[in-house]
Engineer: 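This is the structure, below, for whatever I ask next.
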Amino acid sequence: MASAVASASSMLCLSLQNPTKTLHFSIKTHSFHFLKPQLPAFRRYSTGVTPISPLRGISCNCSSTNTTHYEFSDGSSEVELRLQLGGQDVLSAKDIFVDADGTSLTVKVQQAGSIITLIDTNSLFEKIKPAETIWYIDDDQLVISLKKQDPNLKWPDIMESWESLSAGSMQLLKGTSIYIVGDSTEINQKVARELAVALGYTPLVTKELLETFAKQTVDSWVVAEGSDSVAEAESAILESLSSHVRAVVATLGGSHGAAARIDKWRHLYSGFSIWLSQTEATDEDSAKEEARRHIKYGNVGYTNADVVVKLQGWDADHAKSVAQASLSALKRLILSDKKLPGKKSLYIRLGCRGDWPNIKPPGWDPSNAADAAPPATLPN
């Protein structure tokens, strides 16, 4: 329904084929991002997630001329970054340039008439207050103190990355489960597994659960009894999973999946839902128009999802990149309304009655015509 779509505040459009380019646009109150990263730019990570300590020395993989080693620490209301100046012939503060703004940070030093970039990123873990940035030289280190916009958010690292999102999402999700929906069962499963490993959640696949129950493949089930029968069975499984916490559930793709049907979302609302939507859009205008159509018509169940990640093309080797985009979108969604995890928990406790996002008081009965909510309408 269109009203449910309006509750989502994040959409990422991720292309897996074209040169790096980021286009920004908005539709009403929604913030949309059309990301087009070049394939070779994706880093490959092992499936194991290494815990990130509050203070550590690592290599910066941002846009810089050299690999810059740094130490990072989170001091509640501010974060501190220590960049090594060893080997750099920096004479005074006049040789250093620091520019911080929003989620970007650029640090350059002048050496022998040349400008050397130590760090250049527009992907800080979260927003800062640039006017309160402080920096100074401490022996052979440049110390930069950045004031956080949200002092209650713990930063696992200075930059948003697969590792920092994996470590930092737990404090935001608060155990709320995640449902992966979309037309491709394969994509849903592969991305769900990456997310489950990263978050330490239990991976669940409705296709496997259905086939174990029916002792036949989903395809043969569709042929024998029709897609409606499969959708009803998956809906029953989703009902049984709705009370679970710390799970990533990969749902069936296609018309025989429950998530594709607007009237089967009652129990999907119990967790954060991510729509992996394949697109042929190649530019900002076409992506914007496609997003508008999704919001306007809402004629498939997927438009009820909390966030949408748009994929131009698909390569199973880059499932982790899609998972990273999904975590980034979820992070922005929850930071826009930190009460969402608690609201999801309340929705479950009241019995997943279908009254999301406008939860009715206890005793409300959706089967009672007098209690039923009026049909959603789009604003003019």
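Worth saying up front: this structure is predicted, and the values here are computed from it rather than measured. For the numbers below, each heavy atom of this structure counts, side chains included, while hydrogens, waters and symmetry mates do not.
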Engineer: When clusters are formed by joining ILVMFWY residues with side-chain heavy atoms under 4.5 Å apart, either directly or through shared neighbours, do L210 and V222 land in the same one?
Structural biologist: yes

Engineer: Drop me the distance from L311's CG to T279's OG1, to the nearest 0.5 angstrom.
Structural biologist: 9.0 Å

Engineer: Per the salt bridge (Lys or Arg N to Asp or Glu O under 4.0 Å) rule, what does the pair list look like for residues 211-225, sequence neighbours excluded?
Structural biologist: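 Found K207-E211.
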
Engineer: May I have all residue pairs that pass ring-ring contact (aromatic ring centres under 6.0 Å, His included) and include part of residues 173-192, sequence neighbours excluded?
Structural biologist: none

Engineer: Would you check, one step at a time, whether the test side chain to side chain contact (heavy atoms under 4.5 Å, CB included) holds for L330 with I178?
Structural biologist: CA-CA 10 Å; L330 275 180; I178 297 172; 3.9 Å; yes

Engineer: Would you say the side-chain atoms of Y201 pair up with the backbone N or O of T176, donor to acceptor, closer than 3.5 Å?
Structural biologist: yes

Engineer: Under 3.5 Å, is there a donor-acceptor pair between the side chain of T185 and the main chain of G253?
Structural biologist: yes

Engineer: Has S164 got a side-chain atom pairing as donor or acceptor with M159's backbone, closer than 3.5 angstrom?
Structural biologist: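 Yes: the side chain of S164 pairs with the backbone of M159.
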
Engineer: With no hydrogens and no angle check, just 3.5 Å: does a side-chain donor-acceptor pair link K108 and T117?
Structural biologist: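 No donor-acceptor contact under 3.5 Å links the two side chains.
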
Engineer: Any side-chain heavy atom of L118 within less than 4.5 Å of one from L85?
Structural biologist: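 L118 vs L85: side chains touch.
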
Engineer: Without swapping roles, check the side chain of N188 against the backbone of A250 for a donor-acceptor pair under 3.5 Å.
Structural biologist: no

Engineer: Rounded at 0.5 Å granularity, tell me how far CG in L238 sits from CG in L268.
Structural biologist: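 One finds 5.0 Å between CG of L238 and CG of L268.
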
Engineer: Any link between W314 and V205 through a network of hydrophobic side chains (Ile, Leu, Val, Met, Phe, Trp, Tyr) touching at under 4.5 Å?
Structural biologist: no

Engineer: Could you give all pairs that pass the salt bridge (Lys or Arg N to Asp or Glu O under 4.0 Å) test and reach residues 339-351, with sequence neighbours left out?
Structural biologist: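 Passing the test, one end in residues 339-351: D306-K344.
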
Engineer: Looking only at non-hydrogen atoms, find the nearest pair between L146 and A100 and report the distance.
Structural biologist: CD2-CB, 4.1 Å

Engineer: Looking at S169 and L199, what are the two nearest heavy atoms and their distance?
Structural biologist: CB-CD2, 3.8 Å

Engineer: Output yes when a side-chain donor or acceptor of S326 lies under 3.5 Å from a complementary backbone atom of V322, and no otherwise.
Structural biologist: yes

Engineer: Can you sort out the partners of Y347 under ring-ring contact (aromatic ring centres under 6.0 Å, His included), two or more places apart, ordered by chain and number?
Structural biologist: W356

Engineer: Taking side chain to side chain donor-acceptor pair (under 3.5 Å) as the definition, give me every residue that meets it alongside T106, ordered by chain and number, with sequence neighbours left out.
Structural biologist: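 T106 satisfies side chain to side chain donor-acceptor pair (under 3.5 Å) with D120 once adjacent residues are dropped.
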
Engineer: Hey, does the side chain of Q171 reach the backbone of K154 with a donor-acceptor pair shorter than 3.5 angstrom?
Structural biologist: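 Such a contact is found between Q171 side chain and K154 backbone.
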
Engineer: Which pairs, with at least one residue in residues 244-268 and sequence neighbours excluded, count as a ring-ring contact (aromatic ring centres under 6.0 Å, His included)?
Structural biologist: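 The answer is W265-Y269.
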
Engineer: List the residues meeting salt bridge (Lys or Arg N to Asp or Glu O under 4.0 Å) with D101, not counting sequence neighbours, and say none if there are none.
Structural biologist: none

Engineer: Both conditions, 6.0 Å and 45 degrees, for the charged tip of K148 above the ring of F125: are they met here?
Structural biologist: no

Engineer: Tell me, which pairs form a salt bridge (Lys or Arg N to Asp or Glu O under 4.0 Å) where one or both residues lie in residues 244-267, sequence neighbours left out?
Structural biologist: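 Non-adjacent pairs meeting salt bridge (Lys or Arg N to Asp or Glu O under 4.0 Å): D228-R261, E232-K264.
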
Engineer: Answer yes or no: is there a side-chain heavy-atom contact under 4.5 Å between S177 and V249?
Structural biologist: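 No - every pair of side-chain heavy atoms lies 4.5 Å or more apart.
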
Engineer: Are any non-hydrogen side-chain atoms of F272 and L172 less than 4.5 angstrom apart?
Structural biologist: no

Engineer: Can you spot which of V98, I96, I144 makes a side-chain contact (heavy atoms from CB on, under 4.5 Å) with L83?
Structural biologist: I144

Engineer: Identify the two heavy atoms, one from G254 and one from Y302, that lie closest to each other, and give their separation to 0.1 Å.
Structural biologist: N-OH, 3.6 Å

Engineer: Calculate, to the nearest 0.5 Å, the distance between atoms CG and NZ belonging to L340 and K174 respectively.
Structural biologist: 12.0 Å

Engineer: Okay, side chain of S229, backbone of G226: is any donor-acceptor separation there less than 3.5 Å?
Structural biologist: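 Side chain of S229 to backbone of G226, a donor-acceptor pair under 3.5 Å: no, none is there.
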
Engineer: Quick one: does L209's side chain get under 4.5 Å of L241's, heavy atoms only?
Structural biologist: yes

Engineer: State whether a side-chain donor-acceptor pair under 3.5 Å links S328 with R332.
Structural biologist: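 There is such a pair (donor and acceptor under 3.5 Å, judged by atom type) between the side chains of S328 and R332.
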
Engineer: If you group Ile, Leu, Val, Met, Phe, Trp and Tyr by side-chain heavy-atom gaps below 4.5 Å, do I158 and F97 land in one group?
Structural biologist: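 I158 and F97: separate clusters.
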
Engineer: Of all residues at least two apart in sequence or in a different chain, which pass the salt bridge (Lys or Arg N to Asp or Glu O under 4.0 Å) check with D355?
Structural biologist: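 In terms of salt bridge (Lys or Arg N to Asp or Glu O under 4.0 Å), with neighbours along the sequence ignored, D355 is linked to R353.
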
Engineer: Excluding sequence neighbours, so at least two apart, what forms salt bridge (Lys or Arg N to Asp or Glu O under 4.0 Å) with E186?
Structural biologist: none

Engineer: Within this structure, what is the OG-CD1 distance for the pair S243 and I348, rounded to the nearest 0.5 Å?
Structural biologist: 7.5 Å

Engineer: Side chains of residues 129-142: which donor-acceptor partners sit under 3.5 Å, not counting sequence neighbours?
Structural biologist:
unit_1: T133; atom_1: OG1; unit_2: P130; atom_2: O; d: 3.0
unit_1: D138; atom_1: OD2; unit_2: R82; atom_2: NH1; d: 3.1
unit_1: Q141; atom_1: OE1; unit_2: R82; atom_2: NH1; d: 2.8

Engineer: Under a 3.5 Å distance rule, please check whether Q312 uses its side chain to pair with a backbone N or O of A281 as donor and acceptor.
Structural biologist: yes

Engineer: Hey, is the main chain of L153 close enough, under 3.5 Å, to the side chain of E126 for a donor-acceptor pair?
Structural biologist: no

Engineer: Mind listing the closest non-hydrogen atom pair of Y70 and D157 along with its distance?
Structural biologist: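 Looking at all heavy atoms of both residues, the closest pair is OH-OD1, 3.2 Å.
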
Engineer: Is there a path of hydrophobic side-chain contacts, each under 4.5 Å between heavy atoms, that joins L204 and V245?
Structural biologist: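 Cluster IDs for L204 and V245 differ.
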
Engineer: In Å, rounded to the nearest 0.5 Å, how long is the span from CG of D150 to OG of S77?
Structural biologist: 11.5 Å

Engineer: Work out which heavy atom in S277 is nearest to a heavy atom in V308; give both atom names and the distance.
Structural biologist: CB-CG1, 4.1 Å

Engineer: In Å, rounded to the nearest 0.5 Å, how long is the span from CG of L276 to CD1 of I180?
Structural biologist: 5.5 Å

Engineer: K190: what forms a salt bridge (Lys or Arg N to Asp or Glu O under 4.0 Å) with it, not counting sequence neighbours?
Structural biologist: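 Result, salt bridge (Lys or Arg N to Asp or Glu O under 4.0 Å) vs K190: none returned.
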
Engineer: Should V107 and V143 be counted in the same cluster of Ile, Leu, Val, Met, Phe, Trp and Tyr side chains packed under 4.5 Å apart?
Structural biologist: no

Engineer: For A325 and V309, which heavy atoms make the closest approach, and how far apart are they?
Structural biologist: CB-CG1, 4.1 Å

